[in-house]
Amino acid sequence: MASLLHSTPSPTSLFPINPSRSRYRFASPSRYQNAVRCNVVEPLKYENGRPRIPLLSGPEMALPNMLAPRMNLENAMNRNDTRLRIFSGTANPALSQEIACYMGLELGKIKIKRFADGEIYVQLQESVRGCDVFLVQPTCPPANENLMELLIMIDACRRASAKNITAVIPYFGYARADRKTQGRESIAAKLVANLITEAGANRVLACDLHSGQSMGYFDIPVDHVYGQPVILDYLASKTICSDDLVVVSPDVGGVARARAFAKKLSDAPLAIVDKRRHGHNVAEVMNLIGDVKGKVAVMVDDMIDTAGTISKGAALLHQEGAREVYACTTHAVFSPPAIERLSSGLFQEVIITNTIPVSERNYFPQLTILSVANLLGETIWRVHDDCSGGYEPYSTLGID
């Protein structure tokens with residue numbers, strides 16, 4: 001984490017203006033002499049995530065700092081006196097540490113190990129009696145391992161007499177199994193919600209659930225935050241002519257998300273990729289609703305798994321004359337062969353967040369990782385202080 005605490009370089013240091021060295025193929029300066037940056041409709045008041053991994057960095061491009069110390073730390077209680085505790089599972093310890101740094105706290109001491117047969121052992125190394133405990137653990141791959149670890153962590157806190165237990169789940173696995181599309185299917189999202197509730201959690205803090213209806217599966221309060229304001233903040237800092245911008249939904253199911261995103265980003269026009277199958281083992285027929293010719297297309301989705309849908313959509317956008325294609329998503333699951341598809345040259349940039357850790361072997365030149373630590377840290381403070389979560393820039397995007 002020491003490398004993450006350096007001062008944040010200026011935007012020009014993140015993106016060199018020398019065209020021969022830059023990975024951004026913007027049009028000539030004369031074209032944008034009178035252009036206006038794409039801006040969010042409502043200016044953001046907090047410092048959100050910044051690029052974590054400028055992969056084509058040169059000697060002059062130091063690793064930027066995603067963490068901004070909480071501005072009102074003077075209002076925070078001394079750690080030795082506070083009743084707030086944050087513990088991290090093994091799924092994404094880097095994000096947990098960033099959240100703790102933003103909040104001006106230290107992660108709680110916890111022992112997590114696995115026996116020879118794979119069983120998980122959890123022991124808290126400090127007292128949590130009467131405390132407000134937050135457990136940060138996304139249920140990302142390996143989903144079953146991380147989910148079981150979260151359940152055992154919750155049980156350990158409950159048996160240690162914690163006053164309140166909040167499961168902070170940046171990425172909620174099994175969320176795609178939220179309904180029955182065929183007979184004799186399981187609704188696994190409801191099952192997992194029951195498991196978390198029965199383990200002893202008092203509330204859940206989740207980021208960008210696959211569908212809003214998943215909140216109804218929990219019999220405990222759910223605080224749902226969106227990671228897209230972090231991406232919006234980043235896109236607003238880029239010099240893209242607002243007249244050339246179009247937001248694209250990679251499928252019909254994501255239209256509401258893309259529409260809310262476009263409204264916040266200069267009220268940009270919307271395009272939709274419509275894909276259909278006429279039968280089993282029959283090639284997909286893809287159609288584009290909207291105009292993208294000569295425009296910068298920004299594809300928005302909640303997650304990228306194998307990247308099949310979004311890469312085929314990008315290929316269609318290029319066929320229809322799109323000048324550049326950006327992919328924006330909150331959760332980077334990146335199951336094979338996602339990396340090969342995303343790095344094939346279809347995308348100018350792939351913008352993700354760190355709700356799921358991305359291993360170094362999966363880095364590629366077009367990848368930009370933004371941090372949601374500030375967003376989650378601020379939300380944790382507001383939950384702990386019993387404050388409203390509906391505030392800019394972390395309020396909902398009008399999706400639900």
Could you work out, with salt bridge (Lys or Arg N to Asp or Glu O under 4.0 Å) as the rule, every residue matching [X], not counting sequence neighbours?
X	value
Arg179	none
Arg259	none
Arg361	none
Asp178	none

Can you tell whether the side chains of [X] and [Y] come within less than 4.0 Å, N to carboxylate O?
X	Y	result
Arg158	Asp155	yes
Glu324	Lys295	no
Asp223	Arg203	yes

**Request:** Please report the C-alpha distance between Asp274 and Met286 in whole Å, then the side-chain angles of each, then the deciding distance to 0.1 Å, and finally whether the side-chain contact (heavy atoms from CB on, under 4.5 Å) criterion is met.
**Result:** CA-CA 6 Å; Asp274 177 33; Met286 304 188 72; over 6 Å; no
Are the side chain of [X] and the backbone N or O of [Y] linked by a donor-acceptor pair below 3.5 Å?
X	Y	answer
Thr139	Gly173	yes
Ser266	Ala268	no
His318	Leu346	yes
Arg341	Thr309	no
Thr329	Asp301	yes
Gln123	Ile112	no
Asp385	Cys387	no
Asn92	Thr355	yes
Asp208	Tyr226	no

**Prompt:** Yes or no on salt bridge (Lys or Arg N to Asp or Glu O under 4.0 Å) for Arg85 and Glu126, after CA distance, side-chain angles and deciding distance?
**Reply:** CA-CA 10 Å; Arg85 295 285 190 273; Glu126 60 184 71; 3.0 Å; yes
**Check against side-chain contact (heavy atoms from CB on, under 4.5 Å), Leu245 and Leu265** = CA-CA 9 Å; Leu245 190 66; Leu265 195 63; 3.5 Å; yes
Candidates [options] - the one meeting side chain to side chain contact (heavy atoms under 4.5 Å, CB included) with [X]:
X	options	answer
Val372	Val230, Ile231, Thr379	Val230
Leu375	Ile380, Thr353, Val225	Val225
Ser96	Val168, Leu107, Ile86	Leu107

**Asked** Which value, rounded to the nearest 0.5 Å, describes the distance between His224 atom NE2 and Ser214 atom OG?
**Response** 8.5 Å
**Message:** Test of understanding: with ring-ring contact (aromatic ring centres under 6.0 Å, His included), list the residues that count as partners of Phe134, not counting sequence neighbours.
**Reply:** none
**Asked** With sequence neighbours left out, what residues match Phe172 under ring-ring contact (aromatic ring centres under 6.0 Å, His included)?
**Response** Phe218
Answer with yes or no whether the hydrophobic clustering places [X] together with [Y]; edges join I, L, V, M, F, W, Y residues whose side-chain heavy atoms lie under 4.5 Å apart.
X	Y	answer
Ile154	Ile120	yes
Ile152	Leu135	yes
Leu147	Leu209	yes
Ile187	Ile220	no

**Smallest separation among heavy atoms of Val128 and Cys157, with atom names** = CG2-O, 4.4 Å
**Side chain proximity check, Phe87 to Lys109, heavy atoms < 4.5 angstrom** = no
**Item:** Flag side-chain contact, heavy atom, 4.5 Å: Ser343 against Gln366
**Value:** yes
**Residues Ser344 and Glu340: side-chain donor-acceptor under 3.5 angstrom** = no
**Asked** So, Tyr171 versus Gln137: side-chain donor-acceptor pair below 3.5 Å or not?
**Response** no
**Request:** Output all residues satisfying side chain to side chain contact (heavy atoms under 4.5 Å, CB included) with Lys293, sequence neighbours left out; order by chain, then residue number.
**Result:** Asp291
**Complete:** Those residues at least two apart in sequence (or on a different chain) that pass side chain to side chain contact (heavy atoms under 4.5 Å, CB included) with Asp302 are His210, Arg257
**Prompt:** Are Asp244 and Arg323 close enough, and set up right, to give a side-chain contact (heavy atoms from CB on, under 4.5 Å), and what steps lead you there?
**Reply:** CA-CA 9 Å; Asp244 290 346; Arg323 190 171 77 248; 3.8 Å; yes
**Request:** Using the ring of Tyr121 (Phe, Tyr or Trp, six-membered ring only), decide whether Lys113 places NZ or CZ under 6.0 Å from its centre and within 45 degrees of its axis.
**Result:** yes
**Message:** Once salt bridge (charged side-chain N to carboxylate O under 4.0 Å, His left out) is applied, what residue pairs with a partner in residues 130-142 remain, sequence neighbours excluded?
**Reply:** none
**Request:** Scan residues 139-150 for pairs that pass salt bridge (charged side-chain N to carboxylate O under 4.0 Å, His left out), counting only residues two or more places apart or in two chains.
**Result:** Arg114-Glu145, Arg114-Glu149
**Message:** Taking side chain to side chain donor-acceptor pair (under 3.5 Å) as the definition, give me every residue that meets it alongside Asn202, ordered by chain and number, with sequence neighbours left out.
**Reply:** none
**Item:** Partner set under side chain to side chain donor-acceptor pair (under 3.5 Å) for Gln182, not counting sequence neighbours
**Value:** none
**Message:** For Leu367 and Ile352: C-alpha separation, side-chain torsions, deciding distance, then whether side-chain contact (heavy atoms from CB on, under 4.5 Å) applies.
**Reply:** CA-CA 8 Å; Leu367 182 66; Ile352 65 173; 3.7 Å; yes
